[in-house]
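In this text the structure is predicted, and so the values were computed from the model without any measurement. Below, chains carry the letters A, B, ... as their sequence lines are ordered, and counting in each starts from 1.
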There are 2 protein chains.
Amino acid sequence: MEPNQHLHIHVEQDSGAHSHTSADALPWADAARETIRRAGHSKGAARDALIEIMSQRDCAMSVPDMEQALGERPVGRASVYRALELLHGLHLITRVDIGDGVARYERAQLDDDDHHHHMVCDRCGVLIAFDDPELEAAIHKLSDRLGFEATEHEVTLRGACPDCRN
Amino acid sequence: MEPNQHLHIHVEQDSGAHSHTSADALPWADAARETIRRAGHSKGAARDALIEIMSQRDCAMSVPDMEQALGERPVGRASVYRALELLHGLHLITRVDIGDGVARYERAQLDDDDHHHHMVCDRCGVLIAFDDPELEAAIHKLSDRLGFEATEHEVTLRGACPDCRN
DNA sequence: AACGAGAATGAGACTCAATCTCATTTGTGT
DNA sequence: ACACAAATGAGATTGAGTCTCATTCTCGTT
């Protein structure tokens, strides 16, 4: 029932396949470090290690996940949270909240071509990512009408995944 | 910066005004108690007090909010969480997660005419409820296409509210 | 109305993510 | 190399949420 599995689905409207591999990992790490430098920050080992870890994973990670992934490297809790705060403030990562009281974070997409949301299966706990142009369009139109300048949005579906429906 | 203010907005497409008053409060409390009874549960003072509190508020409440609202009445923490679990399981309340690590709950709408989502202002912390038929339609089409049986969904917009844009 | 099985309750211990403090280490410009 | 500022980490602290278990209450039965 823990979200330890991850899938990615792309809802096709018309075009071809859409890959969700970690091909963008390295460019993201570089872009992140560059953005941080330009924002006037010194470099630091803890933050660098965290960027390294996050660049290697496609799926949303919790802080405990990160601490485990860091393993060898001794990175203090406080530094992890500080780094996440900075990365989030610079829109380099996105916060994902699936409702279990644990914040998760994942790389923000450089091209907003790859923007996506999540479904959580109530039964097996699987976390499935998906993206849907039609949904994005509805959200953009909506925030315009509301006069709300939305810098971020998050959509979470909860229910039974295809496997658990059987 | 705390979500202590609440507004409700309805995005009109065609029809007339839509009220978001607590007119439905009493029917909801009755329906809730009836549903619980039919589900085979005995009645209990703590749960009843909680239903009373929740029926009087339109906006999403956190557990600390509820404990404060209960004030006089001595309701144990455990009973509050148990009652919420039961109410949620019976779809009588909806869980709202605005990303501050505190779960909030609000009455589920009896008619799904009044289903809504939330915007959180990053600056002043105001929590604004809205509903949009177009967004709902996009989500329903989406979950059909995904083969995901979504019993619940949640949309959260983050950014600057109309007031804070100035 | 008294009885008893099972449900509901509450005090408080406990877990764990997240925050805060502050002394120490590291990075950077001079 | 020097000095100041930024980054780091160990550990204390907070606070939401969970768990346990003894007690109280409900409700059908007698």
Problem - Residue pair E85(A), R82(A): steps toward the salt bridge (charged side-chain N to carboxylate O under 4.0 Å, His left out) verdict - result: CA-CA 5 Å; E85(A) 190 183 347; R82(A) 270 187 297 242; over 6 Å; no

Practice task
Please lay out, stage by stage, how D132(A) and K141(B) fare under the test salt bridge (charged side-chain N to carboxylate O under 4.0 Å, His left out).
Solution key: CA-CA 10 Å; D132(A) 180 30; K141(B) 278 172 65 180; over 6 Å; no

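Taking atom CZ of residue R33(A) and atom P of nucleotide dG27(C), one finds them 14 Å apart after rounding to whole Å. Between the C1' atom of dT8(D) and the CZ atom of R73(A) lies a distance of 15 Å, rounded to the nearest Å. Rounded to whole Å, the distance from CD on Q68(B) to C1' on dG15(D) is 15 Å. Here the P atom of nucleotide dA16(D) and the CG atom of D100(B) are 10 Å apart, to the nearest Å. Spacing between atom CZ of R95(A) and atom P of dA17(C) amounts to 14 Å, rounded to whole angstrom units. If you measure from atom CE of M66(B) to atom P of dG17(D), you get 9 Å, rounded to the nearest angstrom. Rounding to whole angstrom units, CZ of residue R47(A) and C1' of dA7(D) are separated by 7 Å. The distance from atom CD of E85(B) to atom C1' of dA16(D) is 15 Å, rounded to the nearest whole Å.
Contact annotation: R82(A) does not reach the phosphate of dA7(D) (side-chain N/O to OP1 or OP2, under 4.0 Å). A close approach under 4.0 Å does occur between a side-chain nitrogen or oxygen of S79(A) and OP1 or OP2 of dG9(D). For dA18(C), one of the phosphate oxygens OP1 or OP2 lies less than 4.0 angstrom from a side-chain nitrogen or oxygen of Y81(A).
The aromatic rings of Y105(B) and H88(B) sit perpendicular to each other, their planes meeting at more than 60°, with 30° as the lower class boundary. Using bins of under 30°, 30° to 60° and over 60° for the plane-to-plane angle, the ring pair H115(A)/H153(A) lands in the perpendicular bin.
Just one residue in the list R73(A), R47(A), R33(A) forms a salt bridge (charged side-chain N to carboxylate O under 4.0 Å, His left out) with E52(A), and that residue is R33(A). When each of M61(B), R95(B), H118(B) is tested with E106(B) by the rule side chain to side chain contact (heavy atoms under 4.5 Å, CB included), just one qualifies, namely H118(B).
Nearest-nucleotide assignment on DNA chain D puts the 5′-proximal partner with G76(A), out of G76(A) and V63(B). Nearest-nucleotide positions on DNA chain D place P64(B) closer to the 5' end than the other of A45(B) and P64(B).
Side chains of H91(B) and E152(B): a donor-acceptor N/O pair is absent below 3.5 angstrom, by distance only.
Using a 4.0 Å heavy-atom distance criterion, A46(B) is classed as a sugar-phosphate-only contact.
With hydrogens and angles ignored, no donor-acceptor pair under 3.5 angstrom links the side chain of R77(B) to the base of dG15(D).
Listed by residue number, H41(B), S42(B), G44(B) are the residues of residues 34-44 of chain B with a heavy-atom contact under 4.0 Å to DNA chain C.
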